[in-house]
Asker: 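First the structure, which I've put down as structure tokens, then a few questions once you've had a look.
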Amino acid sequence: MDITDIIAPLNEAQREAVTAPDRSLLVLAGAGSGKTRVLIHRIAWLLRAEGVSPHAILAVTFTNKAANEMKARLEALLDLSTRDLWVGTFHGLAHRLLRRHAADAGLHEGFQILDSDDQYRLIRRLLKTLELDEARWPPRQIQWYINAQKDQGRRARNLPDSYDPFERQMRRIYLAYEELCQRSGLVDFAELLLRTHEFLRDNADVLAHYQERFQHVLVDEFQDTNDVQYAWLRLLTQDRDNLSVVGDDDQSIYGWRGAKVENLHRFRRDYPRHRMIRLEQNYRSTGNILSAANTLIARNEGRLGKNLWTEGGRGEPISVYAAFNEQDEAGFVVNRIGRWVREGGRRSDAAILYRSNAQSRQFEERLLAHGIPYRVYGGLRFFERAEIKDALAYLRLMANRHDDPGFERVINTPTRGIGAKTLDLVRELARFERLSLWSAARKLIADNVLPARATGALAGFLDLVETMAGAAQGRALWEQVELAVKGSGLLEHYRKEKGEQAEARVENLEELVGAARQFELSPLIDPELGGLDQFLAHAALEAGENQGETFEDCVQLMTLHAAKGLEFDLVFLVGLEEGLFPSLQSLEDPARLEEERRLCYVGITRARRKLYITHAECRRLYGKETYPRRSRFLRELPPDCLEEVRMKGGVSRPVASAMQSGDASAMLGADAPGEFRLGQRVRHGKFGEGVILQREGDGAQARVHVNFAEVGAKWLMLAYAKLEPI
DNA sequence: CGTCCATGTGTTTTT
DNA sequence: CACATGGACG
């Protein structure tokens, strides 16, 4: 591999970024401008042209997917193994560091990682022991509070005293939570980062070691970093001025979970010698799509500023469709996808992007009805499934009898006659004597203070775990997992249950054994650490795909958040309505509104060739019919890039779709005599001429849906609208 | 212990 | 509306 191969495929700005001198670098990269490519080629350049050792490079991403992709592309480009490079997610790298230095970082050797679900359960249990009412102190809110504090680097003990009783209580709970985790050797996601930061900050020699080692630190999606992540990077690089970051302030869409776009500004201040390079040439989308995206995002304030351009043509205009309701919206989209496929397009090149997951259903139903294969992203992932977490809980108990969350989870799963009462006694004793649940249960049995049946059941559970742990000694990882799945009775339990769900659970449990086998073969295993601990950490940190690989050519359905980083020839951006997108919760707050706008920008820039934007005049939301206004984002797009899609043939479609969906009032309307029948042409004083598409209600409540030539479709009250038949 | 109904709740999501 | 959760009951 020659150096020319590293720089030849790059444009001038990219090349400048890749070969920038040995100090801090900020690459401000617009959507589709090749930012990941720049990062990868820069690493290649450092290795090949600058002769930097692989050991001296640290590359950080947010998702496992991005990390894996980076490794794969580097290996392909350089024909070398990436084993010596530190490439990983913030959390993965933090975990690696903490395992190495567990004792020095104040953690148990066998500390376990809590995923959000574990954390939630732990908080609920904590509330019980603190005798706090969940209704007054919602666990979700507490979880959010604790994570937000940790993301900002705040420990409970450092929080300022407050006279606000709410704040005081939150702080108290946070403190109790920290103690509980510390005592039980549990580390949540935010803790991984915070603990790593504190550890490096407080151990000068260790910090010096890593500062010395990492001559180059590179970060992808820098706009998504939170305070602790920034502080962590800062510690590692402050003396050497060797931080290269790639990001796009216009694609910052994770502010709600602690990400700070301001970190880009902070970087500019903290690394005054840095070089800033903008990547503005876009290789993805047509001129119309880019110009719409540019116009939209220009409305946000305080941007670092970028303007995307392309050498390609303007392409087709963006089509805007005003649907009657969400069914019609889905019908339209699926109809266009059908056309796309008939004309030779691939289904997997088409994507439907929505603001919230609940919107997917309409599209799924319609796609199903048309026999078009599709895939929905999001939802439960493999290691998050209940049965998998049950099996993992047994494994955790086998590894460490004092794992309270594991104990809580499976003490009565499958049911073995240990009721709430017995469990309460165990908890009480545990709390009173500061024992683990396991030890408390032991003690209760030994003291023989429980009813005979409860003692028997409890002893049965403890023996079962002991026996399994004994049998697991010296076995291969996959055998241990198999033992947990079978010996625990979980597999049996679901085998006996009937129904599709139970069947899937059995399959998942079997697949877990396969996953363990696979894991043992993977090169990432660190021989110095226990295989089981690593497997459990892997399960928490990398929850896996949400469904098995589908090789079929599928239409892609996902939220806008999930679509970041992806691109498709044909994109449908749906539900552009006030209160839905932008979401109701963000309407009042200018900062959140800007984030919604960035989300819209992300959505638009996913499209390579053709973009459709749809909105519905009427949408059922939480069971109620709403008549949302079209989204402000739609109004903010430049009209010369847009084309309004008009219905062909007047009313034929709405009637058909009303009948199909069994909409009784619409069908009645179709038969209703009088001057305002469906299809009737009418004139309105303000909106001009139109056609009646739908009719609902009677008497004073009667409404009609009219598609006006000038202003699109509107719902009007017959009693007030003063419609005139033509 | 499991089943039934009342009640409430309702963006975005990775780690 | 659709789903999850929790309490009451058999």
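Residue numbers start from 1 in every chain, and the chains themselves are labelled A, B, ... in the order their sequence lines are given, proteins ahead of strands.
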Asker: Report yes or no: is the cationic atom of A:Arg96 (NZ for Lys, CZ for Arg) under 6.0 Å from the centre of the six-membered ring of A:Trp86, at an angle within 45° of the ring normal?
Answerer: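 The answer is yes; both the distance and angle limits are met.
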Asker: How about A:Trp137 and A:Phe166: are their ring centroids closer than 6.0 Å?
Answerer: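 Ring-ring flag for A:Trp137/A:Phe166: true, centres closer than 6.0 Å.
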Asker: Pick out the pairs of N or O atoms, protein on one side and nucleotides 7-10 of chain C on the other, that lie under 3.5 Å.
Answerer:
none

Asker: With a non-hydrogen cut-off below 4.0 angstrom, is A:Asn357 in contact with a base, only sugar-phosphate, or nothing?
Answerer: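 Sugar-phosphate only.
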Asker: Taking the side chain of A:Thr63 as its heavy atoms from C-beta onward, which of B:dT11, B:dT13, B:dT14 lies nearest to it?
Answerer: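 Side chain of A:Thr63 sits closest to B:dT14.
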Asker: Check this one for me: any side-chain N or O of A:Thr415 less than 4.0 Å away from OP1 or OP2 of B:dG2?
Answerer: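 Yes, within the criterion.
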Asker: With DNA chain B as reference, determine whether A:Arg592 or A:Gly92 sits nearer its 5' end, using the nearest nucleotide of each.
Answerer: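 The residue mapped nearer the 5' terminus is A:Arg592.
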Asker: Please pick, from B:dG2, B:dT13, B:dT14, the nucleotide with the shortest atom-to-atom distance to any side-chain atom of A:Arg381.
Answerer: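 Of all the options, the side chain of A:Arg381 is nearest to B:dT14.
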Asker: Check if the side chain of A:Ser116 and the base of B:dT14 share a donor-acceptor pair of N or O atoms closer than 3.5 Å.
Answerer: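 Absent.
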Asker: Heavy atoms only, 4.0 Å cut-off, all strands: where does A:Leu114 land among base, sugar-phosphate and nothing?
Answerer: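 It contacts nothing in the nucleic acid.
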Asker: Mind calculating the distance between OH (A:Tyr601) and P (B:dT12) to the nearest angstrom?
Answerer: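 After rounding, the reported distance stands at 24 Å.
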Asker: Closest to the A:Asn64 side chain: B:dT12, B:dT15, B:dT11?
Answerer: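 The closest nucleotide is B:dT15.
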Asker: Round to a whole Å and report the spacing from CD of A:Glu364 to C1' of C:dA2.
Answerer: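 Atom CD in A:Glu364 sits about 14 Å away from atom C1' in C:dA2.
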Asker: Give the rounded distance in Å between these two atoms: NZ of A:Lys624 and C1' of C:dA2.
Answerer: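 So the two atoms are 14 Å apart, to the nearest Å.
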Asker: To the side chain of A:Ala562, which of B:dT12, B:dT15, B:dT13 is closest?
Answerer: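 So the side chain of A:Ala562 is nearest to B:dT13.
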Asker: Answer yes or no: is there an ion pair linking A:Asp248 with A:Lys35, defined by an N-O contact shorter than 4.0 Å?
Answerer: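 Result for this pair is no, no salt bridge flagged.
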Asker: Rounded to whole Å, please give me the gap between CZ in A:Arg416 and C1' in B:dG2.
Answerer: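 Distance, rounded to whole Å: 17 Å.
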Asker: Can you identify which nucleotide, out of B:dC1, B:dT11, B:dT15, has its nearest atom closest to the A:Phe189 side chain?
Answerer: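 Shortest atom-to-atom distance from the side chain points to B:dT15.
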Asker: I'd like to know if A:Glu594 and A:Arg299 make a salt bridge, using a cut-off of under 4.0 Å between side-chain N and carboxylate O.
Answerer: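 No, A:Glu594 and A:Arg299 are not salt-bridged.
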Asker: Give a yes or no on whether a salt bridge exists between A:Lys389 and A:Asp118, defined as a side-chain N under 4.0 angstrom from a carboxylate O.
Answerer: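 Salt bridge between A:Lys389 and A:Asp118, a charged N being under 4.0 Å from a carboxylate O: yes.
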Asker: Let's see if you can work this out: which of B:dG10, B:dT12, B:dT15 has an atom nearest to the side-chain heavy atoms of A:Tyr622?
Answerer: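 Minimum distance to the A:Tyr622 side chain belongs to B:dG10.
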Asker: What's the closest nucleotide to the A:Trp256 side chain, out of B:dT15, B:dT13, C:dC1?
Answerer: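 From the listed options, B:dT13 comes nearest.
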Asker: In plain terms, say whether A:Arg366 and A:Asp328 are close enough for a salt bridge, that is, a side-chain N and a carboxylate O under 4.0 Å apart.
Answerer: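 No, no charged N to carboxylate O under 4.0 Å.
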Asker: How close or far is atom C1' of B:dT15 from atom CG of A:Asp118, stated in whole angstroms?
Answerer: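 Atom-to-atom, A:Asp118 to B:dT15, this comes out as 13 Å.
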Asker: Which sits closer to the 5' end of DNA chain B, A:Glu542 or A:Asn412, going by the nucleotide each is nearest to?
Answerer: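 Its nearest nucleotide being more 5', the pick is A:Asn412.
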Asker: Pick the C1' atom in B:dT12 and in C:dT5, then give their distance to the nearest Å.
Answerer: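 Looking at atom C1' only, B:dT12 and C:dT5 are 23 Å apart.
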Asker: Can you check whether any acceptor in the base of B:dT12 is under 3.5 Å from a donor in the side chain of A:Arg257, or vice versa?
Answerer: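 Side chain to base: no pair present.
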Asker: Are A:Thr559 and B:dT13 close enough that a side-chain N or O sits under 4.0 Å from OP1 or OP2?
Answerer: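 It does, given that an N or O in the side chain of A:Thr559 lies less than 4.0 Å from OP1 or OP2 of B:dT13.
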Asker: Go through A:Asn147 and A:Gln119 one step at a time and tell me if the side chain to side chain donor-acceptor pair (under 3.5 Å) criterion holds.
Answerer: CA-CA 10 Å; A:Asn147 290 336; A:Gln119 186 187 32; 2.8 Å; yes
Asker: Between atom CD in A:Gln359 and atom P in B:dT11, what is the gap in whole Å?
Answerer: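 Whole-Å distance recorded here is 11 Å.
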Asker: Grab the CG-C1' distance between A:Leu186 and B:dT15 for me, whole Å please.
Answerer: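 From A:Leu186 CG to B:dT15 C1': 16 Å.
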Asker: Need one value for A:Arg598: base, sugar-phosphate or nothing, where a base atom within 4.0 Å counts as base even if backbone is also close, heavy atoms only.
Answerer: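 A:Arg598: no heavy atom of the nucleic acid under 4.0 Å.
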Asker: Should the ring pair A:His101 and A:Phe199 be called parallel, tilted or perpendicular, given that the plane angle runs from 0 to 90° and is split at 30 and 60?
Answerer: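 Rings of A:His101 and A:Phe199: tilted, 30 to 60°.
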Asker: A:Thr89 has a side chain; which of B:dT15, B:dG2, B:dT11 sits nearest to it?
Answerer: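 When the side chain of A:Thr89 is considered, B:dT15 is the closest of B:dT15, B:dG2, B:dT11.
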Asker: Among C:dC1, B:dT14, B:dT12, which nucleotide has an atom closest to any side-chain atom of A:Arg620?
Answerer: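 Closest of the options to the side chain of A:Arg620: C:dC1.
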Asker: Tell me whether A:Lys65 is salt-bridged to A:Glu69, with the criterion being a basic N under 4.0 Å from an acidic carboxylate O.
Answerer: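 No, this pair does not count.
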Asker: For A:His561 and B:dT13, give me the distance from atom NE2 to atom P, rounded to whole Å.
Answerer: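 Atom-to-atom, A:His561 to B:dT13, this comes out as 7 Å.
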Asker: Just checking A:Glu596: base, sugar-phosphate only, or nothing, at a heavy-atom cut-off of under 4.0 Å?
Answerer: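 Result for A:Glu596 = base.
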